[in-house]
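A quick note: this is a predicted structure, and the numbers were derived from the prediction, not measured.
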Amino acid sequence: MPPPVHPRIRPLRLPGLRAWLDASSPFAAAIESRLPEIAAIPSTFTPIPTRNRMNKVWEGHLDGIPGPLIIKQGWVNPVYPLDRRIARRVNLALHNRFLQSMKLSFRLDAIGFASVRPVLCWKKYTGLFPTEIGILYPKIEAPSSFSRYLVIPNDPTGPWRFATLPPETARAWGRHTRRLNAAGILHTDPAPWNILLRPGGANPPQEADFIYIDTDAFRPLPVRPSTSPLARYHRALAMDRVLQFLSPDDLSAFCDGFAFPGESPSAWHRLFDWLRGHPNPHPPAKLRLFLRALVRFGK
């Protein structure tokens with residue numbers, strides 16, 4: 001008999017539906033009784049516009065469950081060509097990033113890392129292969145997100161930048177990210193609007209004031225969080241999308257907090273500078289395999 005997914009995650013099965021519930025949630029029983037209705041969203045929820053035709057986000061309430069909820073869904077888009085639809089269904093069958101985010105959120109709880117923990121995830125099946133995945137979060141009401149430090153240009157296509165961050169705030173964000181990496185976890189989209197600021201926290205924010213949302217972007221670090229080249233490569237790529245917001249001074253202070261003991265902050269600064277100006281930092285699969293072998297046999 002296979003081991004349970006996690007002591008606090010309970011698998012559920014209904015015809016055409018497989019789900020995993022955080023049994024420790026205070027309203028787990030209410031959610032379990034409404035599972036078919038939740039999986040049938042958008043019937044009772046308000047859509048939040050998204051640009052991705054394979055994913056949608058919904059927001060709303062369910063009777064008997066306190067507070068608003070956020071639901072993210074992904075599915076096989078019927079307008080895509082047959083080969084792409086087949087690839088998408090196979091991907092949904094082989095990988096469950098929503099269940100992975102649930103399991104990783106418990107690891108984050110164990111180290112005291114603040115994040116919005118998902119309560120439920122599911123897969124809907126038609127035949128042997130899934131056609132849809134979904135995840136449910138409680139909506140956290142916070143006074144603001146880290147994006148309040150962004151300077152938004154008049155031209156919406158222009159570059160967004162942080163207003164000059166206090167150096168200690170940039171270092172605190174670096175230490176916060178370093179602690180996440182030290183636990184063997186990456187957040188692949190740490191954009192400012194995915195980081196809430198704790199109510200009543202310090203102003204400017206310190207390390208304990210950051211709360212990550214969009215936790216389905218959590219991924220396990222593929223190698224041990226050490227100073228190996230492959231670990232640095234994955235940690236750097238996880239920050240790729242936010243480097244555009246940091247000025248050189250902000251980036252320098254961020255690297256001071258981001259570097260592990262034994263790593264050089266200036267080396268991270270040079271790597272991030274290269275990454276920021278590189279049109280395609282994701283190397284081909286063969287080069288990735290070479291890097292993996294280099295780390296394994298170069299010790």
Side-chain angles (χ1 to χ4, degrees), residues 6 8-9 22 24-28 31 48 50 57-60 65-72 97-121 135-150 160 162-163 165-221 225 235 238-243 245-246 250 253-254 257-258:
H6 187 279
R8 288 188 284 178
I9 297 178
D22 174 6
S24 64
S25 168
F27 45 94
I31 285 179
I48 300 174
T50 60
V57 184
W58 311 89
E59 177 181 347
I65 299 177
L69 303 170
I70 297 289
I71 289 182
K72 298 184 72 172
R97 62 188 176 93
F98 288 168
L99 177 59
Q100 182 185 74
S101 75
M102 284 191 80
K103 292 188 290 185
L104 291 179
S105 69
F106 288 109
R107 283 174 54 182
L108 295 175
D109 274 358
I111 64 170
F113 193 95
S115 66
V116 180
R117 197 170 79 205
V119 180
L120 175 76
C121 70
I135 191 167
L136 181 146
Y137 297 98
K139 184 180 180 183
I140 301 298
E141 299 291 349
S144 65
S145 70
F146 200 32
S147 61
R148 81 181 192 192
Y149 290 94
L150 286 177
W160 290 24
F162 275 121
L165 293 174
E168 188 48 46
T169 296
R171 291 190 189 95
W173 186 21
R175 291 194 300 270
H176 188 73
T177 310
R178 181 185 67 190
R179 189 158 64 95
L180 179 67
N181 296 164
I185 301 174
L186 300 171
H187 193 291
T188 57
D189 189 17
W193 43 84
N194 286 335
I195 303 175
L196 299 183
L197 300 178
R198 189 188 301 276
N203 187 15
Q206 300 299 309
E207 184 178 351
D209 299 325
F210 298 116
I211 303 174
Y212 272 109
I213 60 173
D214 202 13
T215 54
D216 51 290
F218 283 134
R219 300 286 185 274
L221 190 61
R235 292 172 65 204
M239 297 301 301
D240 182 29
R241 298 189 62 181
V242 298
L243 296 178
F245 303 117
L246 293 167
D250 296 334
F254 176 85
F258 185 75

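When side chains are defined from C-beta on, Y212 does not count as touching V116, because their heavy atoms never get closer than 4.5 Å. The closest side-chain heavy-atom distance from V119 to P138 is below 4.5 Å. Counting heavy atoms from C-beta on, the side chains of S101 and I135 come closer than 4.5 Å. Using a 4.5 Å heavy-atom threshold, the side chains of L120 and I71 count as separate.
The side chain to side chain contact (heavy atoms under 4.5 Å, CB included) test applied to L221 returns L186, P225, H234, R235, not counting sequence neighbours. Shown here are the salt bridge (charged side-chain N to carboxylate O under 4.0 Å, His left out) partners of D250, two or more places apart in sequence or in another chain: there are none. Judged as a side chain to side chain donor-acceptor pair (under 3.5 Å), and not counting sequence neighbours, S115 has no contacts. Here P68 pairs with H61, K139, E141 under the side chain to side chain contact (heavy atoms under 4.5 Å, CB included) rule; sequence neighbours left out. Qualifying side chain to side chain contact (heavy atoms under 4.5 Å, CB included) partners for R8, counting only residues two or more places apart in sequence or in other chains: H6, D22, S24, F106, R117. Residues satisfying the side chain to side chain contact (heavy atoms under 4.5 Å, CB included) test with P66, not counting sequence neighbours, are F27.
The two residues T169 and P205 make their nearest non-hydrogen contact at OG1-O, 3.3 Å. Of all the heavy atoms in M239 and F254, the pair that sits closest is CE-CZ, 3.4 Å. Pairing each heavy atom of I111 with each of R179, the nearest pair is O-NH1, 3.2 Å. Closest approach of E59 and I48 over heavy atoms only: OE1-CD1, 3.6 Å. Taking all atoms of both residues into account, the shortest heavy-atom contact from M102 to C121 is SD-SG, 3.5 Å. Of all the heavy atoms in A170 and L165, the pair that sits closest is CB-CD1, 4.4 Å.
In this structure a side-chain-to-backbone donor-acceptor pair under 3.5 Å is present from N194 to D189. Checked by atom type and distance alone, the side chain of D109 never pairs as donor or acceptor with a backbone atom of F113 at under 3.5 Å. Proximity of a side-chain donor or acceptor of R241 to a complementary backbone N or O of A191 within less than 3.5 Å is not detected. Listed for the H176 side chain is no donor-acceptor partner under 3.5 Å among the backbone atoms of Q206. For T188 (side chain) and A217 (main-chain N/O), a donor-acceptor pair under 3.5 Å exists by modelled atom type.
Here the CG-CZ distance, from D216 to R219, works out to 7.0 Å after rounding to the nearest 0.5 Å. Distance CD1/I195 to OG1/T177: 6.5 Å, rounded to 0.5 Å. Residue D209 holds its CG atom at 12.0 Å from CG of L196, rounded to the nearest 0.5 Å.
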Report task. Tell me, with the steps shown, if I140 and I213 meet side-chain contact (heavy atoms from CB on, under 4.5 Å). Result -> CA-CA 9 Å; I140 301 298; I213 60 173; 5.6 Å; no
Query raised in the report: Where do L197 and F210 land on the side-chain contact (heavy atoms from CB on, under 4.5 Å) test, with the steps shown first?
Result: CA-CA 5 Å; L197 300 178; F210 298 116; 3.8 Å; yes
Query raised in the report: Would W193 and L150 count as a side-chain contact (heavy atoms from CB on, under 4.5 Å) if you check the C-alpha gap in whole Å, the side-chain angles of each, and the deciding distance to 0.1 Å?
Result: CA-CA 10 Å; W193 43 84; L150 286 177; 3.9 Å; yes
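Ring geometry for F162 against F245 counts as perpendicular: the plane angle is over 60°, on a 0 to 90° scale with 30° as the lower cut.
Looking at T215 and Y137, their side chains do bring a donor and an acceptor atom within 3.5 Å of each other.
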